[in-house]
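Okay, structure first, notes after.
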2 protein chains.
Amino acid sequence: MALQYMKKTNTSDRSSIEIEDSDVRFSDNFSSQDPSLELSTAEIEIIKYFVHLTKALGLPKSIGEIYGLLFCSPKSLTIPEIMKHLNISKGSTSQGLRFLGNINAINISKKIGIRSDFYSAEVSLRKLLNGFLDEQIEPHLKNGHKRISEISEVVDGLTSEKKNFLKDRVKTIQTWNNKGHDLIPLLVEIVGSK
Amino acid sequence: MALQYMKKTNTSDRSSIEIEDSDVRFSDNFSSQDPSLELSTAEIEIIKYFVHLTKALGLPKSIGEIYGLLFCSPKSLTIPEIMKHLNISKGSTSQGLRFLGNINAINISKKIGIRSDFYSAEVSLRKLLNGFLDEQIEPHLKNGHKRISEISEVVDGLTSEKKNFLKDRVKTIQTWNNKGHDLIPLLVEIVGSK
DNA sequence: AACAAAGGTCAAGAATTTTTGAAAATAATT
DNA sequence: AATTATTTTCAAAAATTCTTGACCTTTGTT
């Protein structure tokens, strides 16, 4: 569950965040690996922070792990390195990097004489926010706009006594969608103002 | 998957939204019910819109169904009515309403002489946004703040050459968190104006 | 006080999403 | 063009999340 939708109504004041990060793969079965790949407690905690964040956004843990690892790394890393550091599969690594690439949360570079791609974390909040909004939110709004138009037509064809009520409701959703749309560039300006 | 994290990189320009709403329970097995409970195509489409939205937010379908139904209803409804209209279980209905209640997306009222609670959709964008941010986002930021402080202490205790690099990174996360925190009231003002 | 209707709880099952890893595709080198 | 390193794909397994419904509590009625 990405967002907390099961909050108890009467359970005193228990901490309101529900995501558990008890079982972090790499902290469990990592000791027997090449020590040069070992992550410090500090790094593990930072990675957990990003896992928490991605889970809150409804995204898989592996994405938070990958971004977190890159965020902690002064030098850019290759796919095999990421896999070994985090002890995750090639598939997860590849898909996670694709997602992060799509939202411009990582930078990809090459080094002369080395075939692999090198990945590093993008840390500009403006770029991160912009990528996330453009790739993840704006398509939803665009799609929503289309859907609402279709709904509007269906409602216009109604003859029941509910027609006017529903017309009004459709107008409400339309307004919401427009506001959301207008908000995107504003958000980038406000939050991303360096 | 709440947000699209599997977008193909090279699949021409296929529509970027991935959520399917092919199987909407109540449109499938609803015809054999009491006709007074029957939903029109328009209503079903509006409910699908909200299902789509809740899925995009990483929330269960039932929550979108319940909110959508209430949104389409000129009069407030009881739990048994909601269950029958949507053909969902008591558990889902109860939990869904609790979630919606927590974020102030619904209003609960009583009618004299009737035991049941009556539920209706809150349609003020300001209230909806405020409730969602306060109940779902702000606790995450608060928790994040705590986590970052803890991480900061761990990093301060470091002696490795990475210490300064990680200190800098922690500072970056701190800034992000603060900006997010400052943004909440601003968002409500901007979007919820009127 | 017994009954009935409404609402809540939560373990188990169903449905969905994520991860894995073998196989295919791509790209660089000899 | 054959070889090898790197990356992508995708079906199946694993993990997680959602829904159900039997049981329990609460509230109001007779």
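A note on names: the letters A, B, ... follow the listed sequences, proteins ahead of strands, and every chain is numbered from 1.
Atom P of nucleotide D/dC18 and atom CG of B/L57 are separated by 13 Å, given to the nearest angstrom. Distance CG (B/L86) to C1' (D/dT19): 13 Å, rounded to an integer number of Å. Atom-to-atom, CD of B/E81 to P of C/dG7 comes out at 10 Å; the value is rounded to the nearest Å. Spacing between atom CG of B/N87 and atom P of C/dA14 amounts to 17 Å, rounded to whole angstrom units. Going from atom CZ of A/F118 over to atom C1' of D/dA5 covers 13 Å, rounded to whole Å. Atom CD in A/E65 sits about 13 Å away from atom P in C/dT18, given to the nearest Å. Rounded to whole Å, the distance from CD1 on A/I88 to P on C/dT20 is 7 Å. With rounding to whole Å, A/M83 atom CE is found 11 Å from C/dA22 atom P.
Side chain to side chain, B/S40 and B/E43 meet the donor-acceptor criterion of an N or O pair below 3.5 Å. A donor and an acceptor atom, one from each side chain of A/R98 and A/N102, are nowhere located under 3.5 Å apart.
Of the listed nucleotides (D/dC18, D/dT17, D/dT9), D/dC18 has the atom at the smallest distance from the side chain of B/P60. Nearest nucleotide to the B/Q95 side chain, out of D/dT19, C/dG7, D/dT8: D/dT19.
In terms of phosphate contacts, B/S94 brings no side-chain nitrogen or oxygen within less than 4.0 Å of OP1 or OP2 of C/dG7. Contact annotation: B/S62 side-chain N/O to D/dC18 OP1/OP2 distance is not under 4.0 Å. Between D/dG21 and B/S89, no contact under 4.0 Å exists linking OP1 or OP2 to a side-chain N or O.
Among the protein residues, A/S116 comes within range of the sugar-phosphate backbone only, with heavy atoms under 4.0 Å from sugar or phosphate atoms but none that close to a base.
Between A/Y67 and A/F50, the two ring planes are perpendicular [angle over 60°; tilted spans 30° to 60°].
When the shell of 6.0 Å around NZ of A/K142 is examined, it contains 12 or fewer heavy atoms from other residues, nucleotides or ligands.
Counting atom types as modelled, A/K90 pairs no side-chain N or O with a base atom of C/dG21 as donor and acceptor under 3.5 Å. Interface remark: the A/R115 side chain does form a donor-acceptor pair with the D/dA5 base, using a distance-only criterion of under 3.5 Å.
DNA chain C is contacted by both A/I114 and B/I79; B/I79 maps to the nucleotide lying nearer its 5′ end (nearest heavy atom per residue). For the pair A/S92 and A/K110, both in contact range of DNA chain C, the more 5′-proximal nearest nucleotide belongs to A/S92.
Put simply, the side chain of A/I184 reaches to within 4.5 Å of the side chain of A/L141, judged on heavy atoms.
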